[in-house]
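Worth knowing before you read on, the calculation uses all heavy atoms, side chains too, and leaves out hydrogens, waters and symmetry mates. For reference, positions follow the sequence shown, starting with 1.
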Amino acid sequence: STGSGCRHSCEPCSKMAGAATLLPPAAVGNVVVRPSPLKATLELWRLFWWDSPLSVRTQAFLRLGAIIFVQTFRGKASAMLSTARRQQIDSMIKDSGSDRRRILSGLGRYVAMLLLLSPVNKLYWRLLRSLRQLWTQHLTSHFLSTFVEAQCLSYGTGGSHALSDTSPEASPEDSEEKRSAAAAHASGGGDGPNRLPDQRISHDVGTFTMLSVMLSLEMLQATINLYFNSRLLKTVSPWLSKGVVLAAVVGTMCTRLLGHRIPAMYEAERHADGDFIYSLTRVRENAESIAFYGGQRLELKRLGIKLAQRLHTEWVRFARKDEVQLFSQAYRQIIGLVPVYLLAGRMEASVAVAGASAPLPARSHGHHSHSHHGASAGRGTNVGLVNQARELFDDTLYQLLVFAENTSDFSRLSALASELHSYDAASRATLLHLKADQAESPAGSSGARRAGAGRRILLEPRAANGQAGPLLQIERLSLWAPGLPARLLVDTLDLEHAQGGLLISGPSGVGKTTLLRAIAGLWLRGDGVVRREMDPKRVLFLPQQPYMQVGTLREQLLYPFTDEMCSDGVAGDADLIAILKRVALDHVLKRVGGDLGVVRRWAEELSIGEQQRISVARLLVHRPMLAILDETTSANDLSHERLMYDCVAEVCEAFVSVGHRASIEEFHTRRLTLFGEQSGGRWTLEKLRA
């Protein structure tokens, strides 16, 4: 790749475009039609079990194979334990305590089987957790790859985040369009801002994989147990083995009828919960504005309403869930009495027949104790058999009712699958739309401009024919604003800049920040060529709103690199402390006691002006050849502004900055003035000083 292949037309992006994706949901007009929950679930499963890399699939199937082996062992062991319990009960009743050694021996074998099964159960749960974590990691990475790229590429086409809320170039129409697009994108299907993508990625993916693993493996375990238990139950009573199937069918139908509204209730609960969380986030982000307006009471009232809605939907769902569970438990308890009453009567009859046909010599002795002992032996055998039949019947019924017993969890899985599928499909569609915009720029009103349609902005390294050119070179660059009809912001700009400062000025909304985005490779709506230094260690972009990590003060200074990636010019904390003092942030050092390793939420703790000085400190750390500044000093006073530009001029061979203040002209050698769409994209370039 030549550098223009950064993230717009490079090979990795091309591979990603052909990577495994979900089928987009069908659309009728502007309404997205979701697939069925079953189809959505299967397609999300396919991403892991079929479309994942070979190494991931290999690990997944090996772990699944181990789980199935352990499940089979558990199923067989359960059947053996059932038989052992029956034999132990028979032995205890028959022997009547006369042969304690035999009883203790059988009891010891039974306890040994239980002890052997205990670590097997622990191994099963460890294997299950490892499979769930692998699945969660892969599916989360899948969503993250789309999320990050779509968010960054959206700047290039005027998407949902193409203009920031504080951008001076954002017109009311653009802001409204931005908010609508942002709401649609965040919802994963266009149904409101309460469906945020961070909730999808951070919470929903983990819950989906947990439910998928637990429910699917529970059904598999139920199937294995059903095989062993049904065969054993058939040997005890063929009629019971048929009756349990009928009982399960009736129980499942009744449970399904009672719980058919639970999926919709769960989805309503998720909507209400997301709405409440979104409202809290908005209050936190806009706390200062709310305080200036004195709107605390109103916000408390609105939050109270959102909370009441969330609690109400939760209460309604749990009430219906309790009704379903109450029916299921009562049904199993009542049906579970059938084996006891049915087999007890039939076996008493068989004992009576056996007693009537007993040999006469046994009766001639007249020993009632002998006759009574024979009856007790028969009844003892029946007690063990009835107990085993009851256990097998109950276990088999539970295994056949596995869907009915987990109605609530299946409802959660269905809702999550539908929402995740819709979000992923919408994100993929957005990404494909953004990439399509790379290949075709909007045509202007003139025939000459139409001839330029189909071109795109090319970002290339400055080296040509083995020789380095100027740090920044722009050839016939034209830029359009988002929306239709196309609005030409800059028309065929030609520019070379190799040394000193270049100031980009002009009224708000003429395309100054858009030009910087084109230089960075973040703006796609246009055509022309941008050649610049492409080494990330030799060029640094300083936005108006710096990005502050949740981390240490040291990490803020080294961003976007780490200690290992940082320039050799900075040796350690002593240099970083000196840099902080150089940009007048020594008071920040005092707050943390001089410790650069203190973790804080710096975006909340530092003012915008302090954050802007942190960004200039990053420039002193990395010492790039070329710096691009977007109103980097706008929140600082004149003395700090001078200090910051002195730092920029000290370390950079060349820099380009956007600004409105007349005070910054003295730090630049040339000025590029943009006049915007009102003048057909006209621009002028003039010298300020030698």
Side-chain angles (χ1 to χ4, degrees), residues 471 499-503 533 535-659 661 663-669:
L471 289 173
Q499 191 173 10
L502 172 65
L503 175 62
E533 176 60 52
D535 187 345
K537 292 185 178 180
R538 294 186 175 184
V539 61
L540 190 63
F541 290 84
L542 306 183
Q544 182 179 4
Q545 176 63 58
Y547 174 64
M548 308 299 291
Q549 291 180 301
V550 178
T552 65
L553 189 55
R554 181 185 301 106
E555 289 171 337
Q556 310 312 312
L557 296 173
L558 298 180
Y559 189 84
F561 304 112
T562 60
D563 293 291
E564 296 77 12
M565 302 168 61
C566 192
S567 170
D568 296 334
V570 178
D573 287 357
D575 296 308
L576 298 179
I577 290 173
I579 287 174
L580 283 173
K581 293 179 179 179
R582 177 77 171 84
V583 295
L585 288 176
D586 47 319
H587 61 282
V588 176
L589 277 171
K590 293 179 181 178
R591 294 182 199 170
V592 295
D595 184 4
L596 297 178
V598 174
V599 177
R600 296 282 178 84
R601 293 186 177 183
W602 298 105
E604 299 175 2
E605 183 161 328
L606 299 179
S607 67
I608 299 299
E610 290 172 331
Q611 293 179 39
Q612 289 180 344
R613 298 207 293 281
I614 286 284
S615 68
V616 173
R618 291 169 180 167
L619 185 141
L620 293 175
V621 171
H622 303 301
R623 308 185 73 83
M625 300 174 62
L626 174 65
I628 310 295
L629 294 75
D630 184 9
E631 299 195 61
T632 306
T633 64
S634 61
N636 284 272
D637 56 39
L638 294 180
S639 62
H640 282 130
E641 179 180 78
R642 173 174 291 277
L643 173 65
M644 295 165 72
Y645 269 105
D646 285 343
C647 293
V648 173
E650 174 185 323
V651 299
C652 299
E653 292 184 21
F655 60 93
V656 179
S657 60
V658 167
R661 293 177 179 175
S663 57
I664 65 174
E665 291 184 2
E666 61 176 296
F667 306 109
H668 301 80
T669 57

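- When all heavy atoms of C647 and L619 are compared, the pair lying nearest together is O-CD2, 4.0 Å.
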Worksheet entry | I628/V658 under side chain to side chain contact (heavy atoms under 4.5 Å, CB included): CA gap, chis, key distance, verdict | CA-CA 9 Å; I628 310 295; V658 167; over 6 Å; no

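- Of the possible polar contacts, none joining the H668 side chain to the G500 backbone as a donor-acceptor pair under 3.5 Å is found.
- With Q611 contributing its side chain and L606 its backbone, the two residues share a donor-acceptor pair below 3.5 Å.
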Discussion item. Set out, in order, the CA-CA distance, both residues' side-chain angles and the distance that settles side chain to side chain contact (heavy atoms under 4.5 Å, CB included) for V598 and L553, then state yes or no.
Written reply: CA-CA 6 Å; V598 174; L553 189 55; over 6 Å; no

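- I664 contributes atom CD1, which lies 11.0 Å from atom CG of L638 (distance to the nearest 0.5 angstrom).
- Within the structure, ring pair (Phe, Tyr, Trp, His ring centres under 6.0 Å) pairs that include any residue of residues 585-612 do not occur (at least two apart or interchain).
- Of all the heavy atoms in R618 and Y559, the pair that sits closest is CD-O, 3.6 Å.
- Checked by atom type and distance alone, the side chain of T669 pairs as donor or acceptor with a backbone atom of G501 at under 3.5 Å.
- From Q499, atom CD reaches atom CZ of F655 across 11.0 Å, with rounding to the nearest 0.5 Å.
- In this structure, F667 and R642 approach most closely via the heavy-atom pair CZ-CA, 3.8 Å.
- Using modelled atom types, no side-chain atom of T633 and backbone atom of N636 make a donor-acceptor pair closer than 3.5 Å.
- Of all the heavy atoms in M548 and A603, the pair that sits closest is CB-N, 3.9 Å.
- Residues V539 and P624 fail the side-chain proximity criterion, which asks for heavy atoms closer than 4.5 Å.
- Proximity of R623 to K537: side-chain heavy atoms (C-beta onward) are nowhere separated by under 4.5 Å.
- Looking at residues two or more places apart in sequence or on another chain, you find a side chain to side chain donor-acceptor pair (under 3.5 Å) between E605 and R600.
- Shortest non-hydrogen contact noted between L471 and L626 is O-CD2, 3.8 Å.
- Summarising the local packing, CD of E650 is surrounded by more than 12 heavy atoms from other residues, nucleotides or ligands at distances under 6.0 Å.
- Distance alone, capped at 3.5 Å, is enough to place a donor-acceptor pair between the S634 side chain and the E631 backbone.
- A pairwise comparison of heavy atoms in Q612 and A635 identifies OE1-N, 3.1 Å as the closest pair.
- Between the side chain of H640 and the backbone N or O of V583 there is no donor-acceptor pair closer than 3.5 Å.
- Scanning for side chain to side chain donor-acceptor pair (under 3.5 Å) contacts around E533 gives R462, with sequence neighbours left out.
- With hydrogens and angles disregarded, a donor-acceptor distance shorter than 3.5 Å links the side chain of T632 to the backbone of L542.
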